[in-house]
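Working notes, structure below.
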Amino acid sequence: MSDTPPQSPESPDFDAMTRDIAEVPAVEVIVTVAVNLMSAAAVKLGLTEEGDKYKDLDEARKLIHALAGLLDGSATEISSFHAAPLRDGLKSLQLAFREASLVPDEPGQGPGEKYTGPIYG
């Protein structure tokens with residue numbers, strides 16, 4: 001008799017998830033996380049088809065800042081092939097945030113600018 005509870009469709013199989021993630025190169029994990037942060041930030045900026053329905057600039061600020069930190073911290077670990085489009089996407093999100101803000105941050109004080117330097121729109 002096993003002490004392990006049976007797996008149901010609602011409970012994740014952590015052993016299988018661990019095996020799956022073990023096969024994924026670190027660069028792919030970093031890029032996937034970055035793309036997820038970018039997508040979430042775009043939604044919170046109101047840049048999707050739903051527009052303002054999910055717009056929340058406070059949440060967008062957090063996501064953009066996290067994305068900038070991830071890209072800054074992983075810059076030496078991922079190639080410019082991967083990093084360049086992610087940096088371009090980050091800059092686009094930072095500019096969109098600046099445009100969406102009723103009271104824009106001072107240059108260098110916007111989301112992620114601690115890592116990227118000032119963004120001017």
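These figures come from a predicted structure and were not determined experimentally.
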E77 meets the side-chain contact (heavy atoms from CB on, under 4.5 Å) criterion, sequence neighbours left out, with none
Sorted by first residue and then second, give each salt bridge (charged side-chain N to carboxylate O under 4.0 Å, His left out) pair with at least one member in residues 20-43; sequence neighbours left out.
none
Side-chain polar contacts of residues 89-107 - donor-acceptor pairs under 3.5 angstrom, sequence neighbours left out - could you list them?
residue: S92; atom: OG; partner: D88; partner atom: O; Å: 3.1
residue: Q94; atom: NE2; partner: P111; partner atom: O; Å: 2.9
residue: Q94; atom: NE2; partner: T116; partner atom: OG1; Å: 3.2
residue: R98; atom: NE; partner: I119; partner atom: O; Å: 3.1
residue: R98; atom: NH1; partner: D105; partner atom: O; Å: 2.6
residue: R98; atom: NH2; partner: E113; partner atom: OE2; Å: 2.8
residue: R98; atom: NH2; partner: I119; partner atom: O; Å: 3.4
residue: S101; atom: OG; partner: F97; partner atom: O; Å: 2.9
residue: D105; atom: OD1; partner: R61; partner atom: NH2; Å: 3.1
residue: D105; atom: OD2; partner: R61; partner atom: NH1; Å: 3.2
residue: D105; atom: OD2; partner: R61; partner atom: NH2; Å: 2.8

CG (L86) and CG (L67) are apart, to the nearest 0.5 Å, by 7.5 Å
Just jot down the side-chain contact (heavy atoms from CB on, under 4.5 Å) partners of H65, sequence neighbours excluded, or say none.
K114, Y115
Which residue pairs pass the ring-ring contact (aromatic ring centres under 6.0 Å, His included) test when at least one of the two sits in residues 30-58, sequence neighbours left out?
none
Validation: residues 38-52 side-chain donor-acceptor distances under 3.5 Å, sequence neighbours left out:
residue: S39; atom: OG; partner: V35; partner atom: O; Å: 3.0
residue: T48; atom: OG1; partner: E50; partner atom: OE1; Å: 2.9

Who pairs with I30 by side-chain contact (heavy atoms from CB on, under 4.5 Å), at least two apart in sequence or on another chain?
L70, S74, I78
For the pair N36 (side chain) and T32 (backbone), establish whether a donor and an acceptor sit closer than 3.5 Å, ignoring hydrogens and angles.
yes
Residues in side-chain contact (heavy atoms from CB on, under 4.5 Å) with S80, at least two apart?
none
Sequence neighbours excluded - ring-ring contact (aromatic ring centres under 6.0 Å, His included) pairs with any residue from residues 21-53:
none
For D58, which residues count as a salt bridge (Lys or Arg N to Asp or Glu O under 4.0 Å) partner, sequence neighbours excluded?
K62
